Amino acid sequence: MKIKKAVILAAGLGTRFLPVTKSVPKEMLPIIDKPCIQYLVEEAVASGIKEIIFVINDSKLSIKNYFSPEKNEIKELKDRLKKTKKTAELKTIESIEHLAKFHYITQKEALGDGHAILCAKKIIGKESVAILFGDDIYDSKTPAISQLIKQYEKFKTPIIGLQKIDKKDSKKYGIIAPEKSSKLPKNLYKISSLIEKPTQEKAPSNLAIVGKYIITPELLKTLEKSKSSTKDKELRLIDGMIEYIKTQPIHGLEIEGTRFDTGDKAGFLKATTHFTLKRSDLK
Ligand code: UTP
C-alpha cells in the first residue's frame, strides 16, 4: 500500500526558542519568506503525500489560518493583489491552500511526540503513514521523506530517518544500535536496539534519530500500550519503538542531504543562511 498521509507534529512548546515562541509558533518562523512548516508540507507533497494531518495546540492556530484560511479572513488581501495586478503573489498565496488535503488535530497538553501521534490515531486509520517533526528541515536532491518511503516499500517495516553525529552530542538525540551482521547497503541499517538521549559513554553508535519516520499500524498499536522511558514522563515515539523491536524489525536510513534543526536558534540561523545563499535575488 502506498503512503498517502503524513502527520506533522507541531504541538510542542518550543522552549528552546523563547521568548518569540511565547506567542509565535516556532513552526511559523520564516526561513526568508516561508514558514518552516511550509518546507515540510512541500517535502511531503513532493514525496507523493496527498493528506496532511497537523497536530497543533490552541496557541498554534496561525498554522491553520495559514494553510486553511476562512475566505473572509484573506478577502481584503486577495482583492488588493487582484486590483494591483500582483498576479504572481496572488497565485502563490492561493496555491498554499491547495497543496494537500489538510486536517487539524489538537493535542491538549504537551505530553510528548508519541502522545501527539496518538491524538491523530483516528484520521491515520489503518494505514502506514509518514511522521515529520515540525522543526526538522532537509535540503536534499530527493525529498527526505521520499527516501524513507522508498525503503518502506522494500521492507514493509517501520523506517527511521538517521543522521551521523559527533558522539558528544548523543544526549540530544535518540541513538540506534545497528545489527552487526547485516548485508544491507552502507547507509541502511537493521536496528537491534534504541536508546533515548544517552550519555556519550552509553551511546551504542553515532547514528542519531532525526524527526522523520514511516510508521505502520502495528507500531501505532504498540505505541498505545507503551510507557514513557524517561524521567519527564513524556510518551515518545521511541518508547513505542523500544517495545516493538523486541518482536518485529525496524530499519533505519541515513538520509542524504543537509539537515537543519530549526527549533534551535543556531540551527534556525544556519537554515536561513543556507537557503538565502541559494536564492539568486538575495545571495
Ligand atoms: P521537540 O522536543 O523538538 O519540540 O519535539 P518542543 O518540545 O516544541 O521543543 P523544545 O525542546 O521545548 O524547544 C519534537 C517534535 O514533536 C512535537 C514538536 O512540536 C516537535 O515538532 N511535539 C513534542 C508535539 O507535537 N507534542 C509534544 O507533546 C511534544
Side-chain angles (χ1 to χ4, degrees), residues 1-12 25-31 33-75 77-78 81 88-108 113-138 140 142-150 152-153 158-159 161 211-217 219-221 223 237 262:
M1 220 167 50
K2 283 236 172 288
I3 306 277
K4 291 191 293 281
K5 292 180 187 166
V7 182
I8 301 185
L9 301 185
K26 64 177 171 182
E27 298 80 8
M28 287 303 288
L29 295 175
I31 296 181
D33 50 11
K34 265 194 312 197
C36 290
I37 199 163
Q38 189 175 343
Y39 287 78
L40 295 172
V41 168
E42 289 174 355
E43 173 191 336
V45 171
S47 307
I49 300 289
K50 308 283 180 216
E51 273 185 66
I52 293 181
I53 304 152
F54 295 103
V55 182
I56 57 172
N57 62 34
D58 288 342
S59 65
K60 305 233 182 176
L61 289 175
S62 55
I63 295 176
K64 188 173 181 193
N65 295 340
Y66 186 80
F67 289 101
S68 311
E70 296 291 335
K71 273 208 174 73
N72 58 353
E73 274 172 4
I74 51 163
K75 186 176 180 309
L77 173 63
K78 282 188 179 176
L81 293 177
E89 286 83 351
L90 183 64
K91 247 194 186 162
T92 303
I93 63 157
E94 284 180 337
S95 67
I96 294 164
E97 296 162 42
H98 304 293
L99 282 168
K101 182 172 181 190
F102 297 119
H103 305 271
Y104 302 87
I105 297 288
T106 303
Q107 184 189 25
K108 289 212 177 81
D113 57 68
H115 177 268
I117 294 169
L118 290 175
C119 292
K121 192 178 71 171
K122 260 205 187 137
I123 307 191
I124 292 175
K126 290 194 167 47
E127 290 173 41
S128 293
V129 293
I131 305 285
L132 294 90
F133 285 5
D135 51 7
D136 234 331
I137 292 180
Y138 269 85
S140 54
T142 307
I145 214 70
S146 169
Q147 297 178 37
L148 299 192
I149 290 175
K150 201 167 150 210
Y152 167 77
E153 285 169 352
I159 311 284
K212 314 253 181 221
Y213 310 79
I214 305 297
I215 65 162
T216 59
L219 174 57
L220 199 63
K221 241 187 242 164
L223 179 63
L237 179 53
T262 58

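For clarity, every value in this text was computed on a predicted model and none was experimentally measured. The analysis underlying the following values was restricted to heavy atoms, covering all of them including side chains, and did not include hydrogens, waters or symmetry mates.
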Quick one, Ile37 with Phe67, criterion side chain to side chain contact (heavy atoms under 4.5 Å, CB included). Give me CA distance, side-chain angles, the key distance, then yes/no. CA-CA 10 Å; Ile37 199 163; Phe67 289 101; 3.6 Å; yes
Which residue in the set Ile215, Thr216, Ile214 passes side-chain contact (heavy atoms from CB on, under 4.5 Å) when paired with Ile159? Ile214
Going by the rule salt bridge (Lys or Arg N to Asp or Glu O under 4.0 Å), which residues pair with [X] if we only count those two or more places apart in sequence or in a different chain?
{"X": "Glu42", "value": "Lys34"}
{"X": "Lys78", "value": "Glu94, Glu97"}
{"X": "Asp136", "value": "Arg259"}
{"X": "Lys221", "value": "none"}

So, the side chain of [X] versus the backbone of [Y]: is there a donor-acceptor pair under 3.5 Å, distance only?
{"X": "Lys60", "Y": "Val55", "result": "no"}
{"X": "Glu73", "Y": "Glu70", "result": "yes"}
{"X": "Ser146", "Y": "Ser47", "result": "no"}
{"X": "Gln107", "Y": "Cys119", "result": "no"}
{"X": "Lys5", "Y": "Ile123", "result": "yes"}
{"X": "Thr106", "Y": "Lys108", "result": "no"}

From [atom1] ([X]) to [atom2] ([Y]), nearest 0.5 Å:
{"X": "Leu77", "Y": "Glu89", "atom1": "CG", "atom2": "CD", "result": "10.0 Å"}
{"X": "Lys4", "Y": "Glu51", "atom1": "NZ", "atom2": "CD", "result": "8.5 Å"}
{"X": "Lys2", "Y": "Ile49", "atom1": "NZ", "atom2": "CD1", "result": "11.0 Å"}
{"X": "Asp135", "Y": "Leu9", "atom1": "CG", "atom2": "CG", "result": "9.5 Å"}
{"X": "Ile145", "Y": "Tyr213", "atom1": "CD1", "atom2": "OH", "result": "10.0 Å"}
{"X": "Thr142", "Y": "Lys150", "atom1": "OG1", "atom2": "NZ", "result": "7.5 Å"}

Which pair of non-hydrogen atoms, one from [X] and one from [Y], has the smallest distance, and what is that distance?
{"X": "Pro35", "Y": "Glu27", "result": "CB-O, 3.7 Å"}
{"X": "Ile8", "Y": "Gly134", "result": "CG2-CA, 4.2 Å"}
{"X": "Ala11", "Y": "Asn57", "result": "O-ND2, 3.2 Å"}
{"X": "Leu223", "Y": "Gly114", "result": "CD2-O, 3.6 Å"}
{"X": "Asn65", "Y": "Pro69", "result": "O-CB, 3.2 Å"}
{"X": "Glu43", "Y": "Pro143", "result": "O-CB, 3.9 Å"}

Any side-chain heavy atom of [X] sitting closer than 4.5 Å to one from [Y]?
{"X": "Lys26", "Y": "Thr262", "value": "no"}
{"X": "Lys212", "Y": "Tyr138", "value": "yes"}
{"X": "Ile96", "Y": "Val41", "value": "no"}
{"X": "Leu118", "Y": "Leu220", "value": "yes"}

Is it true that, when you exclude Asp58 itself, more than 12 heavy atoms of the residues, nucleotides or ligands shown sit nearer than 6.0 Å to its CG?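 Counting other residues, nucleotides and ligands, CG of Asp58 stays at 12 neighbours or fewer.
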Might you work through the side chain to side chain contact (heavy atoms under 4.5 Å, CB included) test for Ile137 and Ile31, ending with a clear yes or no? CA-CA 11 Å; Ile137 292 180; Ile31 296 181; 3.8 Å; yes
Given the rule in the side chain to side chain contact (heavy atoms under 4.5 Å, CB included) test, do Ile93 and Leu81 qualify, once you have shown the distances and angles that lead to the verdict? CA-CA 10 Å; Ile93 63 157; Leu81 293 177; 3.9 Å; yes
Go through the structure and list residues passing side-chain hydrogen bond (donor to acceptor under 3.5 Å, both in side chains) with Lys121, not counting sequence neighbours. Glu224
Residues two or more places apart in sequence or in another chain: which of them pass side-chain hydrogen bond (donor to acceptor under 3.5 Å, both in side chains) with Ser128?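 Only Tyr152 meet the side-chain hydrogen bond (donor to acceptor under 3.5 Å, both in side chains) criterion with Ser128.
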List the steps and the verdict of side chain to side chain contact (heavy atoms under 4.5 Å, CB included) for Phe54 and Leu40. CA-CA 11 Å; Phe54 295 103; Leu40 295 172; over 6 Å; no
